[in-house]
Amino acid sequence: MSVTPEEKLQTGLLLDLEPVVEKELNRHLSMTKEWFPHQYVPWSEGRDFDGPLDGEPWSIEQSKLSVEARESLIVNLLTEDNLPGYHRAIATVFGRDGAWGTWVNRWTAEENRHGIALRDYLTVTRAVDPVALERARMHHMEAGYEADHGDSFLHGAAYVSFQELATRVSHRNTGRASGDPLCEQMMTRIAADENLHMIFYRNLMAAALEAEPNATMRAITDVVTGFQMPGHSIDGFMRKSVIIANAGIYDLRLHHDDVLVPVLRKWNVFDRADLSGDGAKALEELGEFLGGLDAAATRFETRREERRARQAARRG
């Protein structure tokens with residue numbers, strides 16, 4: 001079987017970048033802090049539900065969260081629930097040997113804590129309907145997860161560089177929107193993990209840019225222009241996303257200003273002198289896309305402020 005140029009490039013990069021992965025893994029392990037999900041759950045608030053224990057059924061009045069915070073926490077948890085799919089995808093691309101495999105397993109273990117903490121908190125505090133949550137989990141996981149760009153190493157690494165930061169922003173803002181100091185503390189703790197994950201992938205991609213600038217630039221542009229969150233297959237995701245965006249938890253402006261631009265700036269993509277051919281074309285496409293996204297974010301903000309003003313006038 002013949003090897004395609006893309007496969008040859010990917011194999012070469014995986015070998016060449018393993019020292020970078022080992023360095024970043026060691027940096028990550030030196031910076032990460034051990035924490036325990038059970039310490040962020042107010043167990044004393046817990047009581048039996050209906051079912052075999054014949055407890056109290058859930059009702060909306062039991063939730064102290066706003067609609068916006070509740071929907072955001074549900075999306076965050078259901079996204080974390082698909083971890084088996086993400087593990088399979090990243091292990092397929094990175095492999096299970098050496099520093100690559102060590103990172104994949106470490107990353108998976110850390111991400112698993114997030115789902116544990118979120119589910120226990122939401123269940124014990126009766127913040128969400130546990131029956132609806134379980135049905136949504138089943139539906140989401142049955143849909144599975146497939147990376148948008150298959151087993152492409154460069155596309156996969158570019159995607160997680162942005163996605164981990166997007167998740168950090170979403171977690172932090174969800175915690176603030178919850179109105180619960182404990183929930184905010186938990187989400188801040190989870191977001192700290194996501195930030196360290198982002199740094200790992202961001203630094204890995206920086207090394208890839210140096211090794212293969214044109215191919216890496218194309219992957220970055222493909223990912224940015226087609227970006228969607230890993231939870232996009234959640235039932236009702238679009239409706240939930242609109243609620244979350246209208247609340248300012250995660251919207252186009254945050255995606256542009258707090259996720260895309262900081263990572264691209266760190267990679268210094270717009271000042272690179274080593275791009276040619278398709279790499280230079282990809283950079284041009286990226287600039288045009290960011291301009292359009294910035295304009296769309298401004299339009300969304302304007303409409304949101306007008307809508308809020310109308311709602312305030314009706315209340316007044």
Side-chain angles (χ1 to χ4, degrees), residues 66-80 82 140 145 147-149 155-156 158-178 184 187-188 190-191 194-195 197-198 201-202 205 217-267 269-270 282-312:
S66 65
V67 172
E68 296 80 5
R70 189 161 55 245
E71 293 287 13
S72 189
L73 283 163
I74 289 171
V75 168
N76 290 347
L77 174 54
L78 292 177
T79 299
E80 300 284 359
N82 239 356
H140 183 44
Y145 174 77
D148 289 339
H149 300 282
H155 287 81
Y159 176 76
V160 288
S161 298
F162 297 110
Q163 184 269 325
E164 293 282 1
L165 182 52
T167 306
R168 186 198 83 179
V169 171
S170 176
H171 283 329
R172 284 296 303 273
N173 289 342
T174 299
R176 293 190 186 106
S178 71
E184 182 170 3
M187 299 306 285
T188 299
I190 292 173
E194 306 289 14
N195 192 60
H197 297 163
M198 178 274 294
Y201 293 122
R202 187 191 66 191
M205 280 298 288
M217 192 66 245
R218 168 50 62 190
I220 291 170
T221 295
D222 288 348
V223 165
V224 169
T225 56
F227 185 87
Q228 56 184 354
M229 293 294 274
H232 65 87
S233 62
I234 292 171
D235 193 28
F237 181 77
M238 286 304 300
R239 179 186 64 82
K240 295 178 187 298
S241 295
V242 170
I243 293 173
I244 291 167
N246 284 333
I249 294 172
Y250 196 89
D251 56 25
L252 287 178
R253 176 56 60 201
L254 288 167
H255 185 63
H256 179 278
D257 290 2
D258 292 5
V259 176
L260 298 181
V261 170
V263 175
L264 294 170
R265 185 184 298 123
K266 191 71 176 181
W267 290 333
V269 296
F270 290 106
L283 181 60
E284 182 179 350
E285 293 172 14
L286 178 64
E288 293 174 355
F289 176 82
L290 290 175
L293 182 63
D294 184 45
T298 299
R299 290 194 298 270
F300 175 80
E301 289 176 309
T302 300
R303 291 196 301 268
R304 183 172 59 190
E305 289 307 311
E306 291 172 348
R307 186 166 54 252
R308 288 174 176 174
R310 290 194 299 269
Q311 291 171 345

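Only this structure's heavy atoms are used, side chains among them; waters, hydrogens and symmetry mates stay out.
Every residue meeting the salt bridge (Lys or Arg N to Asp or Glu O under 4.0 Å) condition with E285, not counting sequence neighbours, appears here in chain and number order: R218, K281. Residues passing the side-chain hydrogen bond (donor to acceptor under 3.5 Å, both in side chains) test with D294 are R253, sequence neighbours excluded. Applying the side-chain hydrogen bond (donor to acceptor under 3.5 Å, both in side chains) criterion to E305, with sequence neighbours excluded, gives R308. Annotation: side-chain hydrogen bond (donor to acceptor under 3.5 Å, both in side chains) contacts of T221 (sequence neighbours excluded): none. Legend: residues meeting side-chain hydrogen bond (donor to acceptor under 3.5 Å, both in side chains) with S170, ordered by chain and number and at least two apart, are N76. Checked against side chain to side chain contact (heavy atoms under 4.5 Å, CB included), N82 has the following partners two or more places apart in sequence or in another chain: Y86, H140, M141, Y145. Every residue two or more places apart in sequence or in another chain that forms a ring pair (Phe, Tyr, Trp, His ring centres under 6.0 Å) with H149 is listed here: H155. Applying the side chain to side chain contact (heavy atoms under 4.5 Å, CB included) test to R299 and every residue at least two apart in sequence or in another chain returns A295, A296, R303. Here V242 pairs with N246 under the side chain to side chain contact (heavy atoms under 4.5 Å, CB included) rule; sequence neighbours left out. For N173, the side chain to side chain contact (heavy atoms under 4.5 Å, CB included) test picks out V169, R176, I249, L254, with sequence neighbours left out.
Here the closest heavy-atom approach between residue A177 and residue S66 is recorded as O-OG, 4.1 Å. Of all heavy-atom pairs between L290 and F270, the closest is CD1-CZ, 3.7 Å. Contact record, G248 with D251: CA-OD2, 4.0 Å, taken as the closest heavy-atom pair. Listed here is the closest heavy atom pair of A191 and R168: O-CG, 3.3 Å. Across every non-hydrogen atom of Y250 and H255, the tightest pair is OH-ND1, 2.7 Å. Between V261 and D257, the closest heavy-atom pair is CB-O, 4.1 Å.
The distance from the CE atom of M217 to the CD atom of E284 is 11.5 Å, given to the nearest 0.5 Å. Separation of atoms CZ (F227) and CG (D148) is listed at 9.5 Å; rounding is to 0.5 Å. One distance of note links CE of M198 with NZ of K266; it measures 9.0 Å at 0.5 Å rounding. Between the OG1 atom of T225 and the CD1 atom of I220 there is a distance of 11.5 Å, given to the nearest 0.5 Å. Rounded to the nearest 0.5 Å, atoms CG (D258) and CZ (R172) are 11.5 Å apart. In this structure, CD1 in I74 is found 11.5 Å from CG in D235, a value given to the nearest 0.5 Å.
Applying the salt bridge (charged side-chain N to carboxylate O under 4.0 Å, His left out) test to residues at least two apart or on different chains, the pairs with a partner in residues 240-249 are E71-K240.
Side-chain contact between V224 and L293 is absent, with no heavy atoms from C-beta onward closer than 4.5 Å. Using a 4.5 Å cut-off on side-chain heavy atoms (C-beta onward), R310 and R307 make contact. Proximity of L264 to L286: side-chain heavy atoms (C-beta onward) are separated by under 4.5 Å at one or more points.
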Check the pair M205 / R202 against side chain to side chain contact (heavy atoms under 4.5 Å, CB included), numbers first and verdict last.
-> CA-CA 5 Å; M205 280 298 288; R202 187 191 66 191; 5.9 Å; no
With a 3.5 Å cut-off and sequence neighbours excluded, list the donor-acceptor pairs that the side chains of residues 159-166 form with protein atoms.
{"from": "Y159", "atom 1": "OH", "to": "Q228", "atom 2": "O", "distance (Å)": "2.9"}
{"from": "S161", "atom 1": "OG", "to": "A157", "atom 2": "O", "distance (Å)": "2.8"}
{"from": "S161", "atom 1": "OG", "to": "Y201", "atom 2": "O", "distance (Å)": "3.3"}
{"from": "Q163", "atom 1": "NE2", "to": "T167", "atom 2": "OG1", "distance (Å)": "2.7"}
{"from": "E164", "atom 1": "OE2", "to": "W107", "atom 2": "NE1", "distance (Å)": "2.8"}

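Side chain of S72 to backbone of E68: no donor-acceptor contact under 3.5 angstrom is found.
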